[in-house]
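Remarks on the structure that follows.
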Amino acid sequence: MSDYRTEKDSMGEIRVAANALYGAQTQRAIDNFQISGEPLPADFIRALALQKKTAARANQQLGELENDMADAIADAADAIIDGQHADQFPVDIFQTGSGTSTNMNMNEVLANLASRSLGDTVSPNDHINLGQSSNDTIPTSIHLSAALNIHIDLLPALHHLADVLDDKAADCAAQVKTGRTHLMDAMPITLGQELGTWAAQIRAAINRLGESLQRLQQLPQGGTAVGTGINAHADFADTFCAQLSESTGLAFRPMDN
């Protein structure tokens with residue numbers, strides 16, 4: 001058997017590895033952007049898969065996708081979210097300005113997986129990317145991956161660190177040490193006071209992150225091509241954010257502009 005298969009798109013024919021889940025657009029990106037050899041981070045790829053799953057569910061709710069096709073797309077996205085097929089996302093992190101190559105990489109992989117399970121053709125453009133554009137999909141996934149990592153990993157770690165520092169400050173409340181100012185000895189201070197200051201700095205950072213999350217959880221999804229909203233259902237942005245909020249437990253909403 002040949003190690004390659006021939007894929008065809010509007011730009012012509014191109015050879016793709018026979019066992020690849022992606023198609024012509026991804027292969028062109030692999031060929032054109034041989035820059036760093038570093039692909040997109042795994043957390044971003046998982047967030048992009050979650051974005052595609054949520055878009056499919058939103059389009060299903062709005063009557064834009066049939067139930068069985070939406071289910072097939074969601075199941076395929078779940079496989080990516082679970083860490084399967086990680087080797088199918090080889091596109092270099094330095095690529096097209098809007099991330100179109102990575103968007104199409106995900107569209108093609110999900111279309112292939114969904115087509116297999118559905119037993120019918122699922123289009124990367126007409127079905128997976130329905131009501132979307134790289135212009136809103138990629139920044140939405142950046143917001144989503146950052147918000148999830150802050151909530152799941154960073155904030156719990158910071159709260160734990162602040163609590164440990166507070167406990168240690170209480171343990172060291174009576175231990176006096178030399179203060180330092182301008183690289184010189186200064187007014188004595190207790191070790192507890194110093195450790196308490198560190199804890200206060202961490203809690204201030206937690207508050208700043210909370211304020212930033214309010215903006216980070218505003219998503220550009222629904223803006224499609226250059227923010228025009230063209231080819232997306234009028235209720236797509238609201239429905240998408242409602243679906244995503246339900247599945248993640250975080251309060252996402254569409255950007256005002």
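- No donor-acceptor distance shorter than 3.5 angstrom exists from the side chain of His182 to the backbone of Met184, with no hydrogens or angles considered.
- Legend: salt bridge (charged side-chain N to carboxylate O under 4.0 Å, His left out) pairs involving residues 81-93, not counting sequence neighbours: none detected.
- For the atom pair Met69 CE and Thr121 OG1, the distance stands at 8.0 Å (nearest 0.5 Å).
- No donor-acceptor pair closer than 3.5 Å links the side chain of Thr54 to the backbone N or O of Gln243.
- Taking each heavy atom of Ala111 and Ser123 in turn, the nearest pair found is CB-C, 4.1 Å.
- Other residues, nucleotides and ligands contribute over 12 non-hydrogen atoms within 6.0 Å of the CG atom of Asp163.
- Residues Thr102 and Ile45 share a closest heavy-atom pair of CG2-CD1, 4.5 Å.
- If you take CD on Gln27 and OH on Tyr4, they are separated by 8.0 Å, rounding to the nearest 0.5 Å.
- Side-chain atoms of Gln217 come within 3.5 Å of backbone N or O of Ala251 as a donor-acceptor pair.
- For the residue pair Ser98 / Thr96, no side-chain donor-acceptor distance below 3.5 Å is found, with atom types taken as modelled.
- Heavy-atom minimum distance, Phe94 versus Ile35: O-CD1, 3.3 Å.
- A salt bridge does not link Asp31 to Arg15: none of the charged nitrogens lies less than 4.0 Å from a carboxylate oxygen.
- Checked by atom type and distance alone, the side chain of Gln88 pairs as donor or acceptor with a backbone atom of Leu21 at under 3.5 Å.
- Put simply, the side chain of Leu250 does not reach to within 4.5 Å of the side chain of Ser245, judged on heavy atoms.
- By the criterion of side-chain heavy atoms lying less than 4.5 angstrom apart, applied directly or through intervening Ile, Leu, Val, Met, Phe, Trp or Tyr residues, Val109 is grouped together with Phe33 in one hydrophobic cluster.
- Both Leu195 and Ile206 belong to a single network of hydrophobic side chains, linked directly or stepwise wherever heavy atoms of I, L, V, M, F, W or Y lie under 4.5 Å apart.
- The line from CG of Leu48 to CG of Asp43 is 12.5 Å long, rounded to the nearest 0.5 Å.
- Among pairs with a residue in residues 187-199, those fulfilling side chain to side chain donor-acceptor pair (under 3.5 Å) read Lys177-Glu194, Thr190-Gln193, at least two apart in sequence or across chains.
- Note: Glu64 CD to Asp235 CG = 10.0 Å, rounded to the nearest 0.5 Å.
- Not one N or O on the side chain of Asn103 forms a donor-acceptor pair closer than 3.5 Å with the backbone of Gly99.
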- Task: Could you walk me through whether Leu158 and Arg203 pass the side chain to side chain contact (heavy atoms under 4.5 Å, CB included) test, one step at a time?
- Result: CA-CA 8 Å; Leu158 290 177; Arg203 295 194 191 284; over 6 Å; no
- Would Met106 and Ile80 satisfy side chain to side chain contact (heavy atoms under 4.5 Å, CB included), going step by step from the backbone distance to the final call? CA-CA 9 Å; Met106 180 64 71; Ile80 305 301; 4.1 Å; yes
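- A donor-acceptor pair is defined here as one N or O able to donate and one able to accept, closer than 3.5 Å; no such pair exists between the side chain of Asn112 and the backbone of Glu108.
- Two different hydrophobic clusters hold Leu216 and Met255 under the rule that ILVMFWY side chains link at heavy-atom gaps under 4.5 Å.
- A salt bridge is defined here as a Lys NZ or Arg NE, NH1 or NH2 lying under 4.0 Å from an Asp or Glu carboxylate O, and Arg253 with Asp238 fails to meet this definition.
- A side-chain N or O of Asp9 and one of Gln25 form a donor-acceptor pair less than 3.5 Å apart.
- Considering all non-hydrogen atoms of both residues, Gly23 and Arg5 come closest at CA-NH2, 4.3 Å.
- Looking at heavy atoms from C-beta onward, Ile138 lies in side-chain contact with Phe44 at the 4.5 angstrom threshold.
- In the model, Gln61 has no side-chain atom that pairs as donor or acceptor with a side-chain atom of His233 under 3.5 Å.
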- Task: Let me see the working for Asn125 and Met104 under side chain to side chain contact (heavy atoms under 4.5 Å, CB included), right down to the final yes or no.
- Result: CA-CA 8 Å; Asn125 289 308; Met104 284 305 302; 3.6 Å; yes
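- At a threshold of 4.5 Å between non-hydrogen side-chain atoms, the residues Ile128 and Lys52 count as touching.
- Considering every non-hydrogen atom in both Gly222 and Asp136, the closest pair reads N-OD2, 3.0 Å.
- Counting heavy atoms from C-beta on, the side chains of Gln221 and Phe252 never come closer than 4.5 Å.
- No more than 12 heavy atoms of other residues, nucleotides or ligands sit less than 6.0 Å from atom CD1 of Ile230.
- Each of Phe89 and Leu50 belongs to its own hydrophobic cluster when Ile, Leu, Val, Met, Phe, Trp and Tyr are linked at side-chain heavy-atom distances under 4.5 angstrom.
- For Glu66, the CD atom is loosely surrounded, since the number of other residues' heavy atoms within 6.0 Å does not exceed 12.
- Within the 4.5 Å cutoff, the side chain of Gln51 has no heavy atoms near those of the His143 side chain.
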- Residues Ser247, Leu244; criterion side chain to side chain contact (heavy atoms under 4.5 Å, CB included); working and verdict: CA-CA 5 Å; Ser247 65; Leu244 189 60; 4.1 Å; yes
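- Shortest non-hydrogen contact noted between Ala72 and Leu118 is CB-CB, 4.1 Å.
- From His151, atom NE2 reaches atom CG of Leu209 across 9.5 Å, with rounding to the nearest 0.5 Å.
- Contact check for Asn135 versus Thr224: no side-chain heavy atoms found under the 4.5 Å cut-off.
- Of the possible donor and acceptor atoms, one in the side chain of Asn149 sits under 3.5 Å from a partner among the backbone N and O of Ser145.
- Remark: Asn257 CG is loosely packed, at most 12 non-hydrogen atoms of other residues, nucleotides or ligands lying under 6.0 Å away.
- Taking CG of Leu191 as the reference point, atom CG of Asp171 lies at 10.0 Å (rounded to 0.5 Å).
- In this structure, the side chains of Gln132 and Asn129 come closer than 4.5 Å at one or more pairs of heavy atoms.
- Residues Ile73 and Phe240 do not share a hydrophobic cluster, defined by chaining ILVMFWY side chains whose heavy atoms lie under 4.5 Å apart.
- Side-chain atoms of Arg57 and Asp71, non-hydrogen and from C-beta on, do get closer than 4.5 Å to each other.
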